[in-house]
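What follows is a set of notes on a single structure, which appears directly below.
Throughout, a chain's letter reflects where its sequence line sits, starting with A, and its residues are numbered from 1.
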Amino acid sequence: MIALVDCNNFYASCERVFDPSLNGKPVVVLSNNDGCVIARSNEAKALGIPMGAPAFKYKQLVEAEGVKVFSTNFALYGDMSHRVMNILSDYARDIEVYSIDEAFLELESGSPESLLEQIREIHRIVKKHTGIPVSIGVAQTKTLAKVATHLAKKDLTTRGCKVLTDQYEIKTILDRLPVSEIWGIGRRTTKKLAMWGVESAGDLTRLDDDFILRELTVVGLRTKKELMGEPSVVFEGTSKPRKAICTARSFGSMIRDYEYIEQAVATHCAACAVKLRKQHSFASSMMVFVHTNYFRKDLPQYKRNIVVEFPATQNSIELIRQAKEALRKIYKPGYDYKKAGVILMDFQQAEALQEDMFTDNTLDDKDNRLVEALDLVNEKYGRNTLKIADEGLKNKHALKQTRRSNSYTTRWNDILEIKSGSDRRHSDD
DNA sequence: TCTGGGGTCCTAGGACCC
DNA sequence: TCTGGGGTCCTAGGACCC
């Protein structure tokens, strides 16, 4: 049996854990540069603020309704996510972390009643130990588990937990569910399906296999099978290493100077390298890209990317050297740049590393020991305690983040102070 | 004035090989 | 006039997810 655990309004919920006065109030969290809305509490949804809405378009509503607004605080959300996932892994045979706020669990099969009891317990423990509310759905396949979680969230009578195993119930639910709600059916496919008169998930299950294969490829066919209870999207289990690692950011304001763009690229490259080492991989190619602001139709536009190859490495210093060389080839002066990024690709795992006789990529040369020390220090004393000089200190490319909450769980200076008496913020724990 | 970031998978077509 | 067949690898582009 597969369960899908989904944290409710995750980022907004994280903010609430550390400031309970936000409970019952509309809360939104903004993307980088405070650009658009990426998380909303139920109260904010009720006010009609859509997902992905540009923040500036809702300024008036936000002020009028007293909506609490936060810049992203990924250090906090990442840490809270870890805590939730740790608890989940105690309650499952295996876990597949699907995103920062979602995980598939493999549960022992059992009667619907015992399954419900199990997920209610998980629901209760996660809330008690982390403060994060979750929705849990259980079914035979991942796609149906997604449907079940959807119900757990929408249907208040489920109190956040739904077991969807009864064949008759599945059928009636699928007949009422719009195809666009199904996991794996996006905007494009919904439009296509509508042309053939396919409106509900049930309609999709009644479509001919060959027809689906021809029009929607194997991806569409897998979805149909999953809806019919036949597992076709494999449960991956404990996370596999990433095949590509990307770090890219829009700049807080547009940048012209080569020097600052180079610093941004070096910074992104260093961030990629940390992620790369965390999963014990070595990269042997990277893409570097830059582009101007698409939204400024009045300004000249330029975008370019370049892929460079090199002997597999996980060393920040070498990777930054490559990134700088790549940037030099694509940078064109005279443009106002808005975004730059680095993508590392073509990984080899440490164990399988093909030794190149002429390059030393083992962990005992001097640069590598330096990088290892750098990781240790930054792990212990916080991100960016030590940086590579190429990353620069001025941070001209810095994000605009005017409303970031404290990093309660990951920075010593930001730890919550508990006061006694009327100022107490936590009633239990 | 102001519009995110990080991923995965699939397909078609071209290059190349025997 | 006729112009193989089967395979692999790579890339770009499309679609989708959270």
(message) Please classify the nucleic acid contact of A:K243 as base, sugar-phosphate, or nothing, using heavy-atom distances under 4.0 Å.
(response) sugar-phosphate
(request) Give the rounded distance in Å between these two atoms: CD of A:E309 and P of C:dC9. (result) 16 Å
(message) Counting only side-chain heavy atoms from C-beta out, which of B:dG6, B:dT3, B:dT1 sits nearest to A:C246?
(response) B:dG6
(request) Grab the CZ-C1' distance between A:F74 and B:dG7 for me, whole Å please. (result) 13 Å
(message) Any strand counts, and the cut-off is 3.5 Å on both contacts for Watson-Crick or G-U wobble. Which nucleotide pairs with C:dT11?
(response) B:dA12
(request) Check whether the aromatic ring of A:F295 stacks on the base of B:dT3, taking stacking as ring centres less than 5.5 Å apart and planes within 30° of each other. (result) yes
(request) Check whether any side-chain heavy atom of A:E65 sits under 4.5 Å from a side-chain heavy atom of A:V62, and report yes or no. (result) no
(message) Starting the side chain at C-beta, find the nucleotide from C:dC16, B:dC10, C:dC18 nearest to A:T189.
(response) C:dC16
(request) For the residue pair A:Q279 and A:S281, confirm or rule out a side-chain donor-acceptor distance under 3.5 Å. (result) yes
(message) Side chain of A:W183, heavy atoms from C-beta onward: which of B:dC2, B:dT11, C:dC17 has the nearest atom to it?
(response) C:dC17
(message) Between A:K59 and B:dT1, is there a contact of a side-chain N or O with OP1 or OP2 at under 4.0 Å?
(response) no
(request) Check whether any side-chain N or O of A:S250 sits under 4.0 Å from OP1 or OP2 of B:dG5, and answer yes or no. (result) yes
(message) Is it true that A:Y77 and A:E15 share a donor-acceptor pair across their side chains at a distance under 3.5 Å?
(response) yes
(message) As a quick check of understanding, evaluate ring pair (Phe, Tyr, Trp, His ring centres under 6.0 Å) for A:F235 and A:Y98, giving each step before the final call.
(response) CA-CA 10 Å; A:F235 179 85; A:Y98 180 67; over 10 Å; no
(request) Take the protein atom CZ of A:F289 and the nucleotide atom C1' of B:dG4, then report the distance between them rounded to whole Å. (result) 12 Å
(request) Please check the phosphate of B:dG6 (OP1 and OP2 only) for any side-chain N or O of A:R249 closer than 4.0 Å. (result) yes
(request) For the residue pair A:D79 and A:T410, confirm or rule out a side-chain donor-acceptor distance under 3.5 Å. (result) no
(request) For B:dG4 and C:dC17, measure between their C1' atoms and round to the nearest Å. (result) 15 Å
(request) Looking only at side-chain atoms of A:T217, point me to the closest of C:dC18, B:dG6, B:dT11. (result) B:dT11
(request) Specify the residues of residues 28-47 of chain A, ordered by number, for which at least one heavy atom lies under 4.0 angstrom from an atom of DNA chain B. (result) A:S31, A:N32, A:G35
(message) Without decimals, in angstroms, what is the distance between A:K278 NZ and B:dG7 C1'?
(response) 17 Å
(message) By the 4.0 Å heavy-atom rule, please label A:T72 as base, sugar-phosphate, or nothing.
(response) nothing
(request) For A:I100 and B:dG6, give me the distance from atom CD1 to atom P, rounded to whole Å. (result) 12 Å
(request) Rounded off to whole Å, could you give me the CD-to-P distance for the A:E181 and C:dC18 pair? (result) 11 Å
(message) Is A:R222 close enough to B:dC10 that one of its side-chain N or O atoms is under 4.0 Å from OP1 or OP2 there?
(response) yes
(message) Once you apply a heavy-atom cut-off of 4.0 Å, does A:K191 come out as touching a base, just sugar-phosphate, or nothing?
(response) nothing
(message) Whole angstroms only, please: what is the CE-C1' distance between A:M287 and B:dG6?
(response) 14 Å
(request) Classify the nucleic acid contact of A:A244 as base, sugar-phosphate or nothing, counting any heavy atom under 4.0 Å across all strands shown. (result) sugar-phosphate
(request) Decide yes or no for A:H268 and A:V288: does some side-chain heavy atom of the first lie under 4.5 Å from some side-chain heavy atom of the second? (result) no
(request) With heavy atoms under 4.0 Å as the rule, sort A:I182 into base, sugar-phosphate or nothing. (result) sugar-phosphate
(message) Let me confirm one number: the CG-CD1 distance from A:L115 to A:I119, rounded to the nearest 0.5 Å.
(response) 7.5 Å
(message) So A:I185, base contact, sugar-phosphate only, or nothing? Heavy-atom distance under 4.0 Å.
(response) sugar-phosphate
(request) Under 4.0 Å between any heavy atoms, over every strand shown, what does A:K338 touch: base, sugar-phosphate, or nothing? Just pick one. (result) sugar-phosphate
(request) Send over the distance from A:F347 CZ to B:dT8 P, rounded to a whole Å. (result) 8 Å
(message) Using 0.5 Å steps for rounding, measure from the CD atom of A:E391 to the OG atom of A:S316.
(response) 8.0 Å
(message) Counting the atoms with a prime plus P, OP1 and OP2 as sugar-phosphate, which does A:A55 contact under 4.0 Å by heavy atoms, base, sugar-phosphate, or nothing?
(response) nothing
(message) Counting only side-chain heavy atoms from C-beta out, which of C:dC17, B:dC2, B:dG7 sits nearest to A:Y98?
(response) C:dC17
(message) Between A:I245 and A:Y11, which residue's closest nucleotide on DNA chain B lies nearer the 5′ terminus?
(response) A:Y11
(request) May I ask you to test the A:L193-A:L216 pair for a side-chain heavy-atom distance under 4.5 Å? (result) yes
